[in-house]
Amino acid sequence: MLAALARRAATGLAVVAGVVTLTFFLLRLAPGDPVELLLGPTATPAQITAQRHALGFDRPLAAQYAAWLGRFVRGEWGTSIATGRPVRALLGEAVPATLELVGLSLLLSYLLGVAVGTIQATARPRIDTALSVATVTLFAVPGYWLGLMLVMVFTYWGRALPAFGRAGLDGDLLVGGPWLADRLRHLVLPLATLTLIGIGGIARFVRGAMRDVVGQPFVRSAHAKGLAPFAVASRHVARNALIPVAILLGLSFPALFSGGVFVEFVFAWPGVGRRLVEAVLARDYPVVMAATSVSAMLVVAGNVLADGLVGWIDPRIRHRSEEA
Amino acid sequence: MKRLLRDRRAVFGAGVLIVVVAAAIAAPLVTHGDRGAQPDIVSTRFLPPLATDARGAIHPLGTDRFGRDVWTRLVYGARISLGVGVLAVLFAIAIGLSVGAVAGYWRGPLRALLLAVTDVGLALPRVVLVLLLAAVWRPSAALVIVVLGVTGWMSVARLVQGEVRSLAARPFVESARALGISRLRILWRHLLPNALTPVIVAAALGIGNAIMLEAGLSFLGLGVQPPTPSWGGLIASGRDTLVNAPWVAAAPGIALVLVVVACTLLGDALQDALNPMQGLRR
């Protein structure tokens with residue numbers, strides 16, 4: 001178990017290293033000069049040369065890469081070109097916001113998605129069809145559009161919920177109950193958007209997995225030996241159907257994060273995704289590189305966790321990896 | 001084919017796609033014709049759906065803040081959104097087929113390398129990769145196609161690799177080799193045609209996904225640039241007028257959802273029709 005996790009972690013590190021390298025070379029080979037962008041159209045050639053030297057852009061690419069890699073590993077991620085703030089502080093504020101939104105949404109979408117999928121697999125065909133239509137539709141809705149529609153209904157028409165940010169203007173002054181209420185009110189719309197879409201995908205998958213298990217001979221045996229339908233469903237079907245679902249958890253992490261990028265952008269949620277979009281729009285290279293790497297790390301960490309979960313649910317996999 | 005026609009999902013999916021494609025091709029016939037027309041901004045802007053303007057022209061989906069007809073822009077936008085989506089998926093399949101075929105048929109370090117690259121690609125959030133690539137070059141429709149192709153081939157490569165690998169161990173490949181047929185010819189004539197089935201399903205699902213991502217990029221301003229209408233760009237332009245003209249953002253979103261649902265249902269139905277065994281078990 002531990003050896004398998006260590007192997008996964010090593011693969012994960014390789015993924016992160018690959019991303020870091022790819023990002024660096026891609027951005028350096030790109031047309032468009034960040035220095036000119038930084039200094040604006042009125043800069044003189046002398047100023048541009050000086051700034052280029054100050055940022056190290058005049059050295060050979062390989063040397064820049066080596067230097068950047070060394071600093072990256074030590075945690076010196078430089079300063080944002082657009083805002084002049086240290087990149088690490090910028091992203092350090094963003095990571096908790098993203099974890100809060102994406103983590104809660106992951107939890108809620110799995111709870112609700114598994115419930116809906118189970119109902120579909122066991123309910124009458126008409127209910128199953130109705131729920132299938134609903135989940136396929138939810139799965140197809142783009143997060144930013146659903147977000148806008150929810151804002152329209154609940155903010156502009158209902159005047160019930162805030163549409164932007166993680167806290168109100170007076171958020172820093174609040175303590176205790178009002179502070180929590182303010183935070184929760186801001187969380188509702190982005191969380192609902194991300195969760196609704198997640199439910200669609202997960203319920204579709206769970207329904208398929210349950211259907212596959214229901215057709216297996218051991219389920220018929222369980223029914224034949226006189227077990228109550230609920231016991232069959234919970235102990236025999238659910239346990240086996242949960243294995244592919246746990247594997248899906250690892251696979252759905254990148255997709256959920258992707259969805260989070262758009263939802264964070266629409267709701268001005270101060271997370272990694274929004275920072276990334278802003279940095280991309282401003283060609284703020286240090287932030288783009290760091291935000292990309294941080295996203296890769298978050299996703300890889302999620303995958304390793306999901307792998308551990310699969311081993312925990314399925315003893316066969318756990319033992320196989322111990323033998324290997 | 002018969003199985004498909006009996007499947008309600010396939011009929012609905014294909015029906016929606018045929019209607020949308022037909023409308024996109026016949027755009028000048030089913031709309032006012034000029035997607036940028038701004039007859040009289042003051043009197044025709046923010047007209048609600050089904051309203052008639054001063055000159056008697058009906059606007060089935062209303063007008064935006066420049067007095068442009070939303071229906072016309074939506075139909076012309078379908079040309080861009082569908083076109084970009086289809087081309088991006090074709091591009092992704094071309095890459096995925098090549099990588100998957102090579103990795104599946106030739107053993108050794110090349111396979112290991114290709115599979116490693118594929119896995120790294122699969123482990124990343126696609127949107128992050130797409131944003132990274134879109135950030136580097138100037139946004140355009142061509143760039144979106146390339147970016148979506150370059151970030152979308154990994155799952156196809158995985159599928160093709162597995163299929164080619166299991167096919168290559170079958171007796172008919174051995175006999176082809178015994179007949180002295182070259183490896184490349186075996187791959188092209190005997191292995192790939194047999195490995196295409198899962199690719200067709202992946203393509204149907206992939207088009208929906210690509211259309212959604214294209215819209216996402218254009219929504220962020222990194223895709224197709226205004227005034228060329230694309231569905232993502234239309235949603236973005238409606239974002240600013242959400243309060244007084246919600247239909248500007250709502251209409252392209254609903255169109256987007258319909259098309260993506262159609263692609264998903266068609267893909268699901270294809271999968272069941274092409275996998276008769278799986279269909280029986282359910």
Toward chain A, the part of Leu222(B) with a non-hydrogen atom under 4.5 Å: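 It is the side chain, since no backbone atom gets that close.
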
Of all pairs that satisfy side-chain hydrogen bond (donor to acceptor under 3.5 Å, both in side chains), the ones with a partner from residues 143-161 of chain B, not counting sequence neighbours: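 For residues 143-161 of chain B: Asp119(B)-Arg158(B), Arg126(B)-Thr151(B), Gln161(B)-Arg165(B).
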
Per-residue contact mode, Val261(A) against chain B (heavy atom under 4.5 angstrom):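 Side chain only.
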
Contacting moiety of Val288(A), where chain B heavy atoms sit under 4.5 Å: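 Just the side chain, heavy atoms under 4.5 Å.
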
Side-chain touch Trp145(A)/Phe219(B), heavy atoms, less than 4.5 angstrom: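 No, too far: nothing below the 4.5 Å cut-off.
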
Residues in residues 207-216 of chain B that sit under 4.5 Å from chain A, counting heavy atoms only: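 Within residues 207-216 of chain B, the residues under 4.5 Å from chain A are Met212(B), Ala215(B), Gly216(B).
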
Proximity of residues 252-259 of chain B to chain A, residues having a non-hydrogen atom under 4.5 angstrom: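 Those residues of residues 252-259 of chain B which have a heavy atom under 4.5 Å from chain A are Gly253(B), Ile254(B), Leu256(B), Val257(B).
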
Atom pair OG1/CZ of Thr264(B) and Arg204(A) - distance to nearest 0.5 Å: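 Here the interatomic distance stands at 6.0 Å.
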
Between CG on residue Leu220(B) and CZ on residue Phe262(A), distance to nearest 0.5 Å: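 Rounded to the nearest 0.5 Å, the CG-CZ separation comes out at 5.0 Å.
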
Neighbour count >12 (heavy atoms, 6.0 Å) for atom CZ, Phe265(A):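 Yes, enclosed.
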
For Thr193(A), side chain to side chain donor-acceptor pair (under 3.5 Å) partners two or more places apart: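 Partners of Thr193(A) under the side chain to side chain donor-acceptor pair (under 3.5 Å) test: none.
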
